[in-house]
Protein chains: 2
Amino acid sequence: MTIPEPNGVHAAWLPPEAFRAIGSRRTLVCGDGLLADTVRAEVSWACARHGGGLTDEPADLVLALSTARPLPAAAARLAGREEPGEQGFVLARHDGVTVVLADDPAGLLHGFFHLVRLGEAAFGAARPAETHRPAMRRRMVDHWDNVAVHPVMGQVERGYAGGSIFWADGAARGDLTRVRAYGRLLAACGVNAVAVNNVNVHATEAHLLTDRLGDVAAIAGELRPYGIRVHLSVGFTSPVVLGGLPTADPLDERVREWWAATTERVYETIPDFGGYVVKADSEGQPGPFAYERTHAEGAGVLADALAPFGGVVHWRAFVYNHRQDWRDRSTDRARAAYDHFQPLDGHFRDNMILQVKHGPIDFQPREPVSPVIAAMPTTRLAVEFQATQEYTGQQRHVCYLAPMWREVLDFRPWGPDGRAVADLAGDLVAVSNVGDDPYWTGHPLAQANLYAFGRLAWDPRLDPAAILDEWIDLTFAPAPEPPRGTLHALMDGSWRTYERYTAPLGVGFMVRPGHHYGPDVDGYEYTPWGTYHFADRDGVGVDRTRASGTGFTGQYPRPWSDVYESVERCPDELLLFFHHVPYGHVLHSGSTVIQHIYDTHFAGAEEVAESRRRWAEAAGRVNPALHARVRELLDEQLRSAEEWRDQVNAYFFRKSGVPDACGRRIF
Amino acid sequence: MTIPEPNGVHAAWLPPEAFRAIGSRRTLVCGDGLLADTVRAEVSWACARHGGGLTDEPADLVLALSTARPLPAAAARLAGREEPGEQGFVLARHDGVTVVLADDPAGLLHGFFHLVRLGEAAFGAARPAETHRPAMRRRMVDHWDNVAVHPVMGQVERGYAGGSIFWADGAARGDLTRVRAYGRLLAACGVNAVAVNNVNVHATEAHLLTDRLGDVAAIAGELRPYGIRVHLSVGFTSPVVLGGLPTADPLDERVREWWAATTERVYETIPDFGGYVVKADSEGQPGPFAYERTHAEGAGVLADALAPFGGVVHWRAFVYNHRQDWRDRSTDRARAAYDHFQPLDGHFRDNMILQVKHGPIDFQPREPVSPVIAAMPTTRLAVEFQATQEYTGQQRHVCYLAPMWREVLDFRPWGPDGRAVADLAGDLVAVSNVGDDPYWTGHPLAQANLYAFGRLAWDPRLDPAAILDEWIDLTFAPAPEPPRGTLHALMDGSWRTYERYTAPLGVGFMVRPGHHYGPDVDGYEYTPWGTYHFADRDGVGVDRTRASGTGFTGQYPRPWSDVYESVERCPDELLLFFHHVPYGHVLHSGSTVIQHIYDTHFAGAEEVAESRRRWAEAAGRVNPALHARVRELLDEQLRSAEEWRDQVNAYFFRKSGVPDACGRRIF
């Protein structure tokens, strides 16, 4: 196998320099099969650059499958005593030999990339055996990539990094070198599953399931050496659209047979196929409601078809009425997923995974955790993050999302002694931020979000700043002295900075309709989308209490149902998500709501200006082209942040009439 | 010549029944040439249906060119005594013979269609000679039709009646029967010029001037028998785009030569070609500013090229900064056309016509008359109306525009004793509302706008209700008893109804950005487009006074500069266009601004509901398909009007906090 090095594409967190520590050692790889061969090829590629080599014993480094025979002594010392477990590995260093031992090939591959991250630190002092196992069984990236360019949504829906790396202009790309390189990057941060097409399945894309399955198989072939299984978004009405049946009723026997036969053909072509991803009865996508069936019945027919082959169906919980009347204040989009799915808990198949967006609305910079996550004790859950920065600056703004994701994963629905979201989710899913841009993610610094997603899915207890350090060390390894302080200054707090200059206190939206970039405070206020702030001259916010509002707070268990219900106890950052309050309401911070709006918006824009200054000073310490790209993007971010600041402040000043206590300029 | 009767297309105001009076007479047509032949063919076509015939004397009807020899006695009585003049005709009835006498073929054609309008009334009692001459020399319809479908704007920019009747999918239509039928409709209401492509000249359309000129010639060939000359929108940078020159600088000799040679070729192909239409330095279209030349210099090079052939250039005055900063209250889009063009008065060629939108902004339902119209004493002017209902309901709402146009034409910039807009304009132009829809205009009742435009351009003193009667008589002639009362009830006041439920008191916009359909009060408030209302919790409106605002009022002569300047004297309907006032400001009507907003919005929506009821009652009195189409559109109009009502009322209630005096429901 050749290590993919596509031309003209940034190496991201796998530049050759990142392999210096391994590549300069004598390494023994023990084990057979595709992934062991990948590890061998990786070591060989690294050694060709840095002077080491593949060897028999004695070696500086041993990477071994526990099933390999003979097992070298250094590994044999661990085998039997330690249990790497599924996808895991044991790392130890003893007598000058570093050992990675894994029970399965995936663990071996993950152990190898763990060594890449450690670099020289893997070859220093002795290390007692430490076991690494992924917290999430499936660490998945969903691509909202269209095969045929959609007239409105383009090649990649909500994509901000150019075209698709899989598809171009109606067909699979001919040269898939970059797909393999992508698989390598994903494996290096722990991702092990990819959905290759948009959950909004349009006409062309529907055929990936049948006559265009060869394209999916080709992509699967490129990702397989890096331990990544391919999943496919499918339309619920495929039996009609593709099969010519008169119905897609999940209880119709012909429909069951069609799904079973179709799925069998998929596995004949792609034996390690991961499964289906489905968006049903959502934003115009068809679903079981058309046949008066439940979502459990709808998902069931797909799950049954996949079960014989070990496949799963990811069934998205993103179901709500997107033709709401803004005049009707009793309907609450935040309630929708819980109202639809909580009653179905216990009715889903074992290989059906309910895929829940982390917040109850739609990836706003600040939302509470979705109550669905705590409401499905007998249902397998995937929690969905959005790496693509639809509502967080569209990869023109620096917005490092790991701190937000970490907060979500740490949230404990039953209070400090209960389980956390990280314990409740079996899978973690990110909507991809990758395209055919030379930097993969448009904004070079947005690479860190993809990296951090993989790492958090492996270990949700990792510190976002520490993940960033890993990413900096790898990505900027060629530089003798990467601008670590500058990058931390730009990125560590960038999500909160973004939150400051956009919609305040968790109220959300206030974005330009359609493309969702830039401010428009009333942009969604009188629309059917269910995303309102209800600002008037006296106050702002959505009353979601049981006492006087939509009752959404009641979807949480205690203590949060009480905390969110209480205007006194509700956390400041979510106040306007749960309560409609006067502008003079005093926050826990001591500031009033209106002064908080002014202060945070001035502060947020100023923080961007400061980031821009810091970055200018870092010229010369990173690649000039990358520096220039980030510099230009920071110019745009500052312009946009000032626009947000001025529009939001002007809007609330015009409505409230309350002057800024500091006398700053409001238009 | 055959009279065009395209299949599946509504006859509009020329159904065969409308020709009964002429078609049942014995008619003599005297004169030679294309248009006399057209009249002869029309008479013959009518007689074939209604039993009359073409004849020699004695005749019931004589249509004669004054140059014809021998001139029949009935016509000879008038010749010498009456002077029909250019494009005009004399009508008389004496001794049981109706006579139309014209000096030129265009006059003969107009006289013929005048008889069609009169019907039996032309053959009753004796009539003394009456002379009819057009008020406007050029009565022109501009099509914003693209040849190639534009990815955003479609086949017809701001078109609400389907595709283009000229172009489809990148080429001229093969069958142009409908174009000839269109020319016939236009001639029958007095139009004599058509521009066949969008003033936003895109890549494909640029070539109409050169290698695709044959397409334009084919269209001209269809329109010529009805006395209509074809004009072409051209790009200012054509010498670069088409000619390969390094510059389009209007003072560059190569550029002058290119325009001269290119225009000569146009006239070789289309000898009666009308001229060019140009949008320069506007909304992204290039213009003379790029070469540091004035618009007089820019227009001059085109005018000089056209002059030898009698052609004209229509140069649009729609020049403004569409990248304005909403924070900058000193810039005023309303000022732009005057500021750009007034200093150039006296510098334009004789065959250059400055084409001015009737209001200073952009075809809002209520604007003051553009001050440019009074500011160019030595420049030829065309006043531009918008028949296509971009901001007036997009041909889903009934909005009969003749009353608005009539107000504009009657406006006297120097006060009641001075000249009116109708006296100042040499040409009247309408942006077309026609497409390939079976009813021509989408909404069947929108046909009346095109008809009324032509009639007002011929005679600006016509009463809009009388024009509507003409249109009803012709269009619904097949019905024994057309629902005249219902149509007047729906249409006479429909513009004011539309005004009531949309943006209040002349403030404009408040439409959804981009497509401009439906309400969005803040939709343009924080954009670069220069269209703001500045509503805050205390008041609303744009201060355009000299005393404290942008000074726009100073662009008018007295008395209007004083009337508009004065918050007391400013007409209610334009108050918020000129002044920012508190919600409690008392109007001349006695109502406050805020109560006026509530009252008019409730009233407007209720008027639409009443129209819908009236129309339902008219079932059976018009063609069922037409009735159904209008009924469906009225459903949508009512939904939309209620949406406007509720959004605008909710917005201003939330901002002002003032309750409705009548206690009606505001959300």
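Residue numbers start from 1 in every chain, and the chains themselves are labelled A, B, ... in the order their sequence lines are given, proteins ahead of strands.
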Asker: Looking only at heavy atoms, which of residues 498-519 of chain A get nearer than 4.5 Å to chain B?
Answerer: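 Contacts with chain B: A:Arg512, A:Pro513.
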Asker: How would you list, in number order, the residues of residues 644-652 of chain B that have a heavy atom less than 4.5 Å from chain A?
Answerer: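 Heavy-atom contacts from residues 644-652 of chain B to chain A are B:Asp646, B:Gln647, B:Ala650, B:Tyr651.
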Asker: Using 0.5 Å steps for rounding, measure from the CG atom of B:Asp536 to the CZ atom of A:Arg537.
Answerer: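 So the gap between those two atoms works out to 9.5 Å.
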Asker: I need the contact set between residues 145-158 of chain B and chain A: heavy-atom distance under 4.5 Å, sorted by residue number.
Answerer: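 Checking residues 145-158 of chain B against chain A gives no residue, so none.
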Asker: If you round to the nearest 0.5 Å, how far is CG of B:Asp520 from CG of A:Asp520?
Answerer: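 Here the rounded value is 6.0 Å.
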Asker: Looking only at heavy atoms, which of residues 654-667 of chain B get nearer than 4.5 Å to chain A?
Answerer: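 The residues closer than 4.5 Å to chain A, in numerical order, are B:Arg654, B:Lys655, B:Ser656, B:Gly657, B:Phe667.
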Asker: Contact part of A:Glu525 toward chain B, heavy-atom cut-off under 4.5 Å: side chain, backbone, both or neither?
Answerer: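 Only the side chain of A:Glu525 comes within 4.5 Å of chain B.
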Asker: Determine whether more than 12 heavy atoms belonging to other residues, nucleotides or ligands lie under 6.0 Å from atom CG of B:Asp325.
Answerer: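 Yes, enclosed.
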Asker: Pair B:Arg327, A:Glu642 - check salt bridge (charged side-chain N to carboxylate O under 4.0 Å, His left out), show working.
Answerer: CA-CA 11 Å; B:Arg327 290 167 281 219; A:Glu642 290 175 346; 5.9 Å; no
